[in-house]
2 protein chains.
Amino acid sequence: MIINKTQSYAIRVLELLAQKKDILISAKKISQNLDIPYKYLTRVMTKLSESQLVNSYRGKDGGFMIAKEPSEIKLKDIIDIFSNESPHQCIYGDGSICSQKTKCTLHDKWQNSKESINESFLNTTIQELVK
Amino acid sequence: MIINKTQSYAIRVLELLAQKKDILISAKKISQNLDIPYKYLTRVMTKLSESQLVNSYRGKDGGFMIAKEPSEIKLKDIIDIFSNESPHQCIYGDGSICSQKTKCTLHDKWQNSKESINESFLNTTIQELVK
DNA sequence: TTTAATTACTATATTAAAGTAGAAATTACA
DNA sequence: TGTAATTTCTACTTTAATATAGTAATTAAA
């Protein structure tokens with residue numbers, strides 16, 4: 001896949017919260033609505049909250065709300081939160097063999113594909129998913 | 001990553017075998033040459049052999065040889081051998097929610113990126129990596 | 001025909017991602 | 001002030017990918 005499961009969960013959550021802008025929604029409801037395992041979701045939500053893409057409200061009647069204009073949130077912002085991979089990874093691994101200096105045989109081809117994806121992540125906002 | 005570790009191992013193996021066309025090379029040598037764990041590599045090699053991208057020769061002085069013209073082996077041929085994912089996966093998973101009929105919100109964008117990658121896999125042959 | 005070097009097979013171990021469980025901290029409201 | 005509903009924290013479990021280990025099968029050559 002292009003992105004992992006956790007990342008796609010997070011994108012879908014923000015899509016939902018964008019649809020319900022200015023309304024508090026609990027993790028329980030998000031979980032039911034999007035069919036994402038509740039306990040796993042709560043951890044995703046905590047990270048989204050730490051990253052200030054959503055605001056969280058604790059306690060009774062608490063929940064989550066999108067923290068920015070949907071048009072201000074790029075897919076890349078979300079994806080990066082749940083990403084650990086070094087961005088320039090090629091078939092020769094982590095940069096020790098393949099680097100800008102000593103490119104691996106696929107470096108340029110890879111880079112093109114990656115840039116195409118990355119560009120898509122950069123210029124797609126949550127706004128677009130909602131309408 | 002775009003591809004997983006096993007897939008990149010396999011690509012590098014075929015790159016090497018293409019460089020040593022018509023020469024038998026043992027798994028041990030491949031392992032040393034490419035710094036791929038020996039035991040893991042042997043299983044990758046068995047699969048490449050089953051898929052007839054390489055010919056295997058057992059017994060003393062045995063080893064592996066590329067089985068086709070490097071120009072005839074597409075990256076996609078190699079990648080597909082070590083791939084289990086359904087090819088049209090979007091953020092809504094495996095096709096039950098997102099399909100051609102009921103597209104997910106990112107379906108078209110995703111498809112573009114995927115096609116760009118896929119095209120690259122399809123029109124890049126091992127030949128290109130060697131020169 | 002024996003030996004050594006190899007591929008092939010099968011089982012197990014390690015690691016990272018995904019998922020689950022329980023309880024602490026917080027808060028609205030009766 | 002007590003209770004119930006929530007987020008947050010910490011630990012554990014499961015699953016899939018990657019890696020390791022041991023041995024069987026094969027084969028060239030002494």
Side-chain angles (χ1 to χ4, degrees), chain A residues 1-13 17 23-67 79 81-86 89 91 93-94, chain B residues 1-13 17 23-67 79 81-86 89 91 93-94:
Chain A
M1 251 224 284
I2 294 178
I3 56 172
N4 66 30
K5 219 166 176 179
T6 308
Q7 289 164 333
S8 78
Y9 285 166
I11 292 171
R12 290 168 58 202
V13 166
L17 293 185
I23 300 174
L24 266 188
I25 309 187
S26 67
K28 193 177 169 197
K29 280 201 179 155
I30 296 171
S31 158
Q32 288 166 349
N33 199 311
L34 300 181
D35 194 28
I36 298 172
Y38 171 71
K39 281 292 192 174
Y40 195 72
L41 176 71
T42 58
R43 297 197 320 191
V44 170
M45 295 313 297
T46 300
K47 274 197 137 185
L48 288 176
S49 168
E50 283 166 0
S51 308
Q52 290 160 0
L53 293 186
V54 308
N55 291 323
S56 77
Y57 299 87
R58 303 178 70 167
K60 192 165 181 341
D61 299 336
F64 301 91
M65 253 175 44
I66 196 164
I79 287 166
I81 296 170
F82 302 95
S83 171
N84 34 29
E85 152 187 351
S86 67
Q89 217 156 29
I91 54 166
D94 62 357
Chain B
M1 251 222 286
I2 295 178
I3 56 173
N4 66 30
K5 219 166 177 180
T6 307
Q7 288 164 333
S8 77
Y9 285 166
I11 292 171
R12 291 168 57 201
V13 166
L17 293 185
I23 299 174
L24 266 187
I25 310 187
S26 68
K28 193 178 168 195
K29 278 200 180 157
I30 296 171
S31 157
Q32 288 165 348
N33 199 311
L34 300 181
D35 194 29
I36 298 172
Y38 172 72
K39 281 292 192 176
Y40 195 72
L41 176 70
T42 60
R43 299 200 317 193
V44 171
M45 296 313 298
T46 300
K47 274 199 137 185
L48 288 176
S49 167
E50 284 167 0
S51 307
Q52 290 162 357
L53 293 187
V54 308
N55 292 323
S56 78
Y57 300 88
R58 302 179 69 166
K60 194 167 181 339
D61 300 334
F64 300 91
M65 251 175 46
I66 197 164
I79 287 166
I81 296 169
F82 302 96
S83 172
N84 34 29
E85 153 189 348
S86 67
Q89 217 156 30
I91 54 167
D94 62 358

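Quick caveat: nothing in here was measured; it's all calculated off a predicted structure.
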>> Which residues in residues 54-62 of chain A have a heavy atom closer than 4.0 Å to any atom of DNA chain D?
In response: A:S56, A:Y57, A:R58, A:G59, A:K60, A:G62
> Would you say the side chains of A:Y40 and A:T6 form a donor-acceptor pair under 3.5 Å?
Replying inline: yes
> Hey, does the side chain of A:S51 reach the backbone of A:K47 with a donor-acceptor pair shorter than 3.5 angstrom?
Replying inline: yes
> For A:N4 and C:dA18, what is the distance between atoms CG and P respectively, to the nearest whole Å?
Replying inline: 4 Å
>> Side-chain N or O of B:T6 versus OP1/OP2 of D:dT18: is the shortest distance under 4.0 Å?
In response: yes
> Whole-Å distance between C:dA18 P and A:D35 CG?
Replying inline: 16 Å
> Distance from B:Q32 atom CD to B:S26 atom OG, nearest 0.5 Å?
Replying inline: 7.5 Å
>> Measure CZ/B:F82 against P/D:dT18 and give the value in whole Å, please.
In response: 11 Å
>> For C:dG19, does the base pair up with any side-chain atom of A:K5 as donor and acceptor (N or O, under 3.5 Å, distance only)?
In response: no
> Counting just side-chain N and O atoms, does A:N84 come under 4.0 Å of either OP1 or OP2 of C:dA16?
Replying inline: no
> Checking all strands, does A:Y38 fall into the base, sugar-phosphate, or nothing category for heavy-atom contacts under 4.0 angstrom?
Replying inline: base
> To the nearest 0.5 Å, how far apart are OG1 in A:T46 and CG in A:L41?
Replying inline: 9.0 Å
>> Using whole Å, what does the distance between atom P of nucleotide D:dA5 and atom CD of A:Q32 come to?
In response: 14 Å
>> Working to the nearest 0.5 angstrom, can you tell me the gap between B:D35 CG and B:I30 CD1?
In response: 13.5 Å
>> What is the separation between atom CD1 on A:I25 and atom C1' on D:dT6, rounded to the nearest whole Å?
In response: 14 Å
> Once you round to the nearest 0.5 Å, how far does CG of B:N4 lie from CD1 of B:I2?
Replying inline: 12.0 Å
> Do any side-chain nitrogens or oxygens of B:T46 fall under 4.0 Å of OP1 or OP2 in C:dA8?
Replying inline: yes
> Over how many whole Å does the gap from A:K47 atom NZ to D:dT7 atom P extend?
Replying inline: 19 Å
>> If I take atom CZ in residue B:R43 and atom C1' in nucleotide C:dA13, what distance separates them, rounded to the nearest angstrom?
In response: 12 Å
> Expressed in angstrom and rounded to an integer, what is the separation of B:F64 atom CZ from C:dA5 atom P?
Replying inline: 17 Å
> So, the side chain of B:S31 versus the backbone of B:A27: is there a donor-acceptor pair under 3.5 Å, distance only?
Replying inline: no
